Amino acid sequence: MGGVPTMTKLSISEIFGPTIQGEGALIGEPTIFVRAGGCDYRCSWCDTLHAVDSAYRHTWQQMDSLDAWQRIEELSSGQPITISLSGGNPAIQDFSELIRLGKAKGYKFAIETQGSVARDWFAELDTLVLSPKPPSSGETVDWNKFDACLDAALNTVACVIKIVIFNNADYEWAKTVSERYSYMPIYLQPGNHTPPEPEDDDATIDMDGIMDRMHWLVEKTVADKWFKPRILPQLHVLLWGNKRGV
């Protein structure tokens, strides 16, 4: 007997927007965010623990791809917009059906991932943002897996690197990454050193400290005559601090 095909189940921390992309190559672009629950990393300074730590799994929604898509259409009033798959690490789940549903109606898709899990559906994206985690994260990048993510994009997707910088070790590490992938655009941004607790989406933020780090990063790259990277703030942090859902 025929029937409605079974859709892939997704573990979703939150879907929100429209708002603007706050960082990287698409900064300022109107966007709806699909924040996946779960991650294969545990960065020391993670600012989205509510979407990473399994202790908060009870807050994640189990949605099939069609349910998630209907929520996106509702938020966007059916007008095509960029959809950003974020997390956690969205690459640990299968977003291929959601991408197909959106592409059929003219929506664009971007993903931000650390480059630890390659997916065939990366080739269906419009933008692949690879954000390898620097030494301050406490994680170690597997460059073979990172390269596999690039290979999965099949040279048909705009691929960029974005690195969060907290200190001089991160900065020097970013330079080696840029040399390794000299053909790729690279974006640097100062990290939020006052991330919120998962239960507090409007925690106090050290804006002066963030701006001090931004000044340091700009001055450092200019003094070193390292002119390749684009230095950007986390625009959403400047506008809304640690508030979620914006």
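What you see is a predicted model; the values in this text were computed from it and never measured. Any value given below was found using the heavy atoms of this structure, including those in side chains, with hydrogens, waters and symmetry copies removed.
- Put simply, the side chain of S178 never gets that close to the backbone of A174: no donor and acceptor are under 3.5 Å apart.
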Give the intermediate values and the outcome of side chain to side chain contact (heavy atoms under 4.5 Å, CB included) for residues Q234 and N192. CA-CA 8 Å; Q234 291 180 300; N192 178 3; 3.7 Å; yes
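- For R35 (side chain) and G87 (main-chain N/O), a donor-acceptor pair under 3.5 Å exists by modelled atom type.
- Considering CG of L125 and OG1 of T156, their distance stands at 9.0 Å, rounded to 0.5 Å.
- Across all their heavy atoms, S136 and N167 have their closest contact at CB-ND2, 3.9 Å.
- Two residues are said to be in side-chain contact when any heavy atoms from C-beta on lie closer than 4.5 Å; D147 and Y181 meet this criterion.
- Residues satisfying the side-chain hydrogen bond (donor to acceptor under 3.5 Å, both in side chains) test with T82, not counting sequence neighbours, are E29.
- Checked options L130, V141, I161; the residue passing with V177 is I161 (criterion: side-chain contact (heavy atoms from CB on, under 4.5 Å)).
- The line from CZ of F122 to SG of C149 is 4.5 Å long, rounded to the nearest 0.5 Å.
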If you apply the rule side chain to side chain contact (heavy atoms under 4.5 Å, CB included), what do you find for F95 with I111, and how did you get there? CA-CA 10 Å; F95 280 95; I111 190 175; 6.0 Å; no
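- Put simply, the side chain of P190 does not reach to within 4.5 Å of the side chain of I165, judged on heavy atoms.
- Using a 4.0 Å cut-off between charged side-chain N and carboxylate O, K133 and E139 make no salt bridge.
- Hydrophobic clustering (side-chain heavy atoms under 4.5 Å, transitive across Ile, Leu, Val, Met, Phe, Trp, Tyr) keeps V117 apart from L154.
- Ion pairing between a basic and an acidic side chain is recognised when a charged N comes within 4.0 Å of a carboxylate O; D126 and K103 show such pairing.
- Under the 4.5 Å side-chain criterion, counting only non-hydrogen atoms from C-beta, L188 is in contact with W226.
- The NZ atom of K105 sits 15.5 Å away from the CD1 atom of I81 when rounded to the nearest 0.5 Å.
- Atom NZ of K145 has 12 or fewer neighbouring heavy atoms from other residues, nucleotides or ligands inside a 6.0 Å radius.
- Within 6.0 Å of atom CG in N168, more than 12 heavy atoms from other residues, nucleotides or ligands are found, so the atom counts as buried in its surroundings.
- Counting heavy atoms from C-beta outward, E73 and Y107 have side chains that approach closer than 4.5 Å.
- With hydrogens and angles left out, the side-chain atoms of D40 and Q114 include a donor and acceptor closer than 3.5 Å.
- In this pair, F33 and F16 present their aromatic rings parallel. The plane angle is below 30°, not in the 30 to 60° band.
- Of all the heavy atoms in L26 and A110, the pair that sits closest is CD1-CB, 3.8 Å.
- The heavy-atom pair separating D67 from D64 by the smallest distance is N-OD1, 2.7 Å.
- At distances below 3.5 Å, not a single donor-acceptor pair connects side-chain atoms of D53 with backbone N or O atoms of Y56.
- Under the 4.5 Å side-chain criterion, counting only non-hydrogen atoms from C-beta, I163 is not in contact with D170.
- The side-chain heavy atoms of V160 and I186, taken from C-beta on, include no pair separated by under 4.5 Å.
- To the nearest 0.5 angstrom, W60 atom CH2 is 11.5 Å from E14 atom CD.
- Summarising the local packing, NZ of K108 is surrounded by 12 or fewer heavy atoms from other residues, nucleotides or ligands at distances under 6.0 Å.
- K162 has a carboxylate O that lies under 4.0 Å from a charged side-chain N of E112, or vice versa, which qualifies the two as a salt bridge.
- Judged purely by atom type and a 3.5 angstrom limit, R119 has no side-chain atom pairing as donor or acceptor with the backbone of A152.
- Inter-residue side-chain proximity for S96 and E124 is flagged as unmet; no heavy-atom pair is nearer than 4.5 Å.
- By the criterion of side-chain heavy atoms lying less than 4.5 angstrom apart, applied directly or through intervening Ile, Leu, Val, Met, Phe, Trp or Tyr residues, L66 is grouped together with W121 in one hydrophobic cluster.
- Across C39 and I92, no two heavy atoms sit closer than the pair N-CD1, 3.7 Å.
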Test side chain to side chain contact (heavy atoms under 4.5 Å, CB included) applied to R180 and W143, step by step: CA-CA 10 Å; R180 182 185 180 106; W143 294 110; 3.2 Å; yes
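- Side-chain atoms of Q21 and T31 form no donor-acceptor pair, as typed in the model, at a separation below 3.5 Å.
- Just one of Q62, R57, Q93 meets the side chain to side chain donor-acceptor pair (under 3.5 Å) condition when paired with S11; it is Q62.
- The CD1 atom of I27 sits 5.0 Å away from atom CG of L235, with the distance rounded to the nearest 0.5 Å.
- Side-chain contact between L217 and Y171 is present, with heavy atoms from C-beta onward closer than 4.5 Å.
- Interatomic distance, OG of S116 versus OH of Y41, reported as 5.0 Å (0.5 Å rounding).
- Nearest approach of W173 to P135, heavy atoms of both residues: CG-CD, 3.6 Å.
- In summary, of the residues considered (I99, V34, T127), a side-chain contact (heavy atoms from CB on, under 4.5 Å) with F109 occurs for I99 alone.
- Pairing each heavy atom of L101 with each of S65, the nearest pair is CD1-O, 3.8 Å.
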L98 and T8: side chain to side chain contact (heavy atoms under 4.5 Å, CB included), yes or no, with the steps? CA-CA 9 Å; L98 184 67; T8 300; over 6 Å; no
